[in-house]
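Working notes, beginning with the structure itself.
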Amino acid sequence: MNPNHLNRTLLRTVGAGWAAFAIAAFAIRTVFAAPNVTLLVDRSYCEPAQWQVVTEQYTDLYQQHQRGSITISATIFFSDLGEESSDQVLAPEAFQDLTTYGRPSPDRQAALEAAHPQARLLSCAP
């Protein structure tokens, strides 16, 4: 047998194996990808006990993010005084330390929910 032919066959086999592995990895990552979630956080004033409930909801979502069940892509904080967006995922301790201010803004909330239809709302208001 010709050694060059064996080397080419071996290289083709190994190359095809790596290509198949890369295609399978891409397909698995695409099909089983964690859903992206945008969080809308109403920071209008609420009592500390009520903010604790919001913090617990955030902690549950944060843990899901850590496990890879979801991906928190952005967090938008809003009240009647304005809004701010963050691509960084806050630790639950930092989230709990946030202050609440202003009044609820149903118009701003409706606009944000329309702009982000798959977003999850965290709010003190019932």
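These figures come from a predicted structure and were not determined experimentally.
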Aromatic plane relationship, Y62 with H65 - under 30° parallel, 30 to 60° tilted, over 60° perpendicular: tilted

Closest contact, heavy atoms only, S123 versus D42: OG-OD2, 3.3 Å

Inter-residue atom distance T59.OG1 - Q96.CD, 0.5 Å rounding: 7.5 Å

Short side-chain donor-acceptor distance under 3.5 Å, Q52 and E47: no

Whether F95 and F77 hold their rings parallel, tilted or perpendicular, with breakpoints at 30° and 60°: tilted

ILVMFWY network linking F21 to V14, side-chain heavy atoms under 4.5 angstrom: yes

N/O donor-acceptor pair under 3.5 Å between R103 side chain and S44 backbone: no

S73 (side chain) donor-acceptor with V37 (main chain) under 3.5 angstrom: yes

Spatial distance of atom CG (L98) from atom OG1 (T55) [nearest 0.5 Å]: 8.0 Å

Rounded distance (nearest 0.5 Å) linking atom OH of Y58 with atom CD1 of I72: 5.0 Å

Heavy-atom pair of closest approach, residues D87 and A74: OD1-CB, 4.0 Å

Point-to-point distance, once rounded to the nearest 0.5 Å, from CD of E113 to CD of Q109: 4.5 Å

Check: L112 and I76 side chains under 4.5 Å, non-hydrogen atoms: yes

Value rounded to 0.5 Å, distance of CG in D97 from CD in E93: 8.5 Å

Value rounded to 0.5 Å, distance of OG1 in T38 from CG in L121: 12.5 Å

Minimum heavy-atom distance Y101-S79, with the two atoms named: CE1-OG, 3.2 Å

R43 side chain vs T99 backbone, donor-acceptor pair below 3.5 Å: yes

Least distance between heavy atoms, D80 atom then R108 atom: O-NH2, 3.8 Å

Closest non-hydrogen atom pair, G68 against A34: O-CB, 3.2 Å

Side chain to side chain contact (heavy atoms under 4.5 Å, CB included) between L61 and L39, intermediate numbers included: CA-CA 9 Å; L61 292 169; L39 298 180; 3.5 Å; yes

Linked, directly or transitively: L40 and I70 (ILVMFWY side chains, under 4.5 Å): no

